[in-house]
Protein chains: 2
Amino acid sequence: MGIYYPLMPRAATTTDVFNAIAEPRRREIIDVLADGNEHTVGEVVEILRIPQPAVSKHLGVLRKVGIVSVTKRGQLRLYRLEPKELKPVHDWLKKYERFWAHHFDRIKERAERRAADRSAQSSRLLKDKEK
Amino acid sequence: MGIYYPLMPRAATTTDVFNAIAEPRRREIIDVLADGNEHTVGEVVEILRIPQPAVSKHLGVLRKVGIVSVTKRGQLRLYRLEPKELKPVHDWLKKYERFWAHHFDRIKERAERRAADRSAQSSRLLKDKEK
DNA sequence: GGCATATATTCCTATATGGGAATATACTAT
DNA sequence: ATAGTATATTCCCATATAGGAATATATGCC
């Protein structure tokens with residue numbers, strides 16, 4: 001008896017692309033595959049100087065999420081980037097692009113004006129507050 | 001005695017922007033702040049229907065990373081998005097944009113593919129040499 | 001002062017790491 | 001078969017959650 005409380009600890013790295021690319025080494029691996037060609041585990045190991053088991057594990061995470069695909073050739077595993085899987089991240093960021101893309105447009109200007117107004121107002125409100 | 005082996009478990013969510021935005025609820029919070037205006041914790045709570053302590057904690061993470069800034073006004077905390085902090089993610093993704101952005105630009109794609117082939121070839125040559 | 005409101009913090013716990021070391025598996029060549 | 005190479009998997013463990021509940025810390029109002 002008793003109520004079942006479903007806990008939600010930190011999400012698995014294989015949950016989605018956002019979690020998968022949070023790990024720096026995985027981003028490095030992705031960067032190695034960025035040329036669009038297939039690369040063996042050994043190549044990644046040699047380029048990044050990361051222990052082979054670590055590379056295999058990270059590639060496993062990327063594969064589960066779909067960011068990379070694998071092809072067997074003999075004893076080799078040829079990993080290839082599936083860049084379209086990164087698009088959701090880019091799409092989410094699209095909304096914020098404008099904030100740093102155009103430094104001279106009205107957005108920043110308006111934000112600064114608002115901040116100035118509020119600053120004046122809150123100084124007034126918060127005046128004689130001391131303890 | 002024995003050697004001290006520094007372990008490196010999963011990085012903290014406050015390590016960098018990539019880790020901070022891996023959590024879906026934090027992205028939702030960011031989206032609420034996306035209008036560029038200041039929002040109180042209560043507003044976020046009401047909009048997203050997330051328990052207040054959870055919102056405060058998530059905002060704390062975002063603040064540590066610098067994605068949001070806070071201003072006190074009375075008992076209120078006014079949170080504001082600092083979108084420029086998201087730029088590193090966008091910059092990293094820039095490299096992959098071409099894979100989904102220009103589906104009709106065959107010329108550019110082929111040129112890049114050829115360049116990639118060349119680079120891969122020289123990598124392989126280098127590797128064989130070391131062996 | 002006394003009380004309500006807004007927000008932050010603490011305590012708890014199940015879960016998921018990422019790295020190292022060792023081992024297993026699969027394939028190749030002789 | 002035997003040995004060697006390429007890659008994956010397993011075991012172990014210190015660390016960091018995210019959520020819920022309860023509590024603490026302001027601050028505002030009368």
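Side chains included, hydrogens not; waters and symmetry mates left out as well; all remaining heavy atoms used. Numbered from 1 within each chain, the chains take letters A, B, ... in sequence-line order.
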Figure out the [atom1]/[atom2] separation between [X] and [N], and round it to whole Å.
X: A:Phe18; N: D:dA18; atom1: CZ; atom2: P; value: 15 Å
X: B:Glu43; N: C:dT7; atom1: CD; atom2: P; value: 8 Å
X: B:Ile50; N: C:dT7; atom1: CD1; atom2: P; value: 15 Å
X: A:Leu76; N: D:dG4; atom1: CG; atom2: C1'; value: 14 Å
X: B:Glu23; N: C:dT15; atom1: CD; atom2: P; value: 17 Å
X: B:His39; N: C:dA6; atom1: NE2; atom2: C1'; value: 17 Å
X: B:Asn19; N: D:dT15; atom1: CG; atom2: P; value: 17 Å
X: B:Arg63; N: C:dA8; atom1: CZ; atom2: C1'; value: 12 Å

Quick check against the 3.5 Å criterion: does [X] have a side-chain atom that pairs as donor or acceptor with the backbone of [Y]?
X: A:Arg26; Y: A:Ala20; result: yes
X: B:Arg80; Y: B:Gly36; result: yes
X: A:Glu23; Y: A:Arg25; result: yes

Distance-only donor-acceptor test, [X] side-chain atoms vs [N] base atoms, 3.5 Å:
X: B:Gln75; N: C:dT7; result: no
X: B:Lys72; N: D:dT27; result: no
X: A:Gln52; N: D:dA8; result: yes

Which nucleotide wins on minimum distance to the side chain of [X], given the candidates [options]?
X: A:Lys57; options: C:dA16, C:dG19, C:dA8; answer: C:dG19
X: B:Val41; options: D:dT9, D:dG20, C:dA8; answer: C:dA8
X: B:Pro9; options: C:dA14, D:dA14, D:dT7; answer: D:dA14

Q. Looking across every strand, which nucleic acid part, if any, lies under 4.0 Å from B:Thr13 by heavy atom: base, sugar-phosphate, or nothing?
A.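 The residue B:Thr13 makes sugar-phosphate contact but no base contact.
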
Q. Which part of the nucleic acid, if any, lies within reach of A:Pro53 when heavy atoms closer than 4.0 Å are counted: base, sugar-phosphate only, or nothing?
A.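 Since a base atom lies under 4.0 Å of A:Pro53, the category is base.
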
Q: Tell me which of A:Arg10 and A:Leu78 sits closer to the 5' end of DNA chain D, going by the nucleotide each one is nearest to.
A: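 Going by which nucleotide is closer to the 5' end, it is A:Leu78.
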
Q) Where each residue is assigned the nucleotide of DNA chain D containing its nearest heavy atom, which of A:Arg77 and B:His58 is assigned the position nearer the 5′ end? A)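 Counting from the 5' end, the first nearest nucleotide belongs to A:Arg77.
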
At less than 4.0 Å, is any side-chain N or O atom of [X] found next to OP1 or OP2 of [N]? Yes or no.
X: B:Tyr79; N: C:dA8; result: yes
X: B:Arg26; N: D:dA18; result: yes
X: A:Arg25; N: C:dG19; result: yes

**Q.** Whichever of A:Gly74 and A:Ala54 has its nearest DNA chain C nucleotide further upstream toward 5'
**A.**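 Mapping each residue to its closest nucleotide by heavy atoms, the 5'-most match is A:Ala54.
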
(Q) Quick check on DNA chain C: between A:Ala11 and B:Val55, whose nearest nucleotide comes earlier from the 5' end? (A)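 Closer to the 5' end of DNA chain C: B:Val55.
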
Q: May I ask you to check if A:Arg27 and B:Phe18 form a cation-pi contact, with NZ or CZ under 6.0 angstrom from the six-membered ring centre and within 45° of the axis?
A: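 Verdict for B:Phe18: a cation-pi partner in A:Arg27.
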
**Q.** In one Ile/Leu/Val/Met/Phe/Trp/Tyr side-chain cluster, 4.5 Å: B:Ile21, A:Tyr96
**A.**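 Same cluster.
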
Q | Within one Ile-Leu-Val-Met-Phe-Trp-Tyr cluster: A:Trp92 and B:Val61, side-chain cutoff 4.5 Å | A |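 No, no single cluster joins them.
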
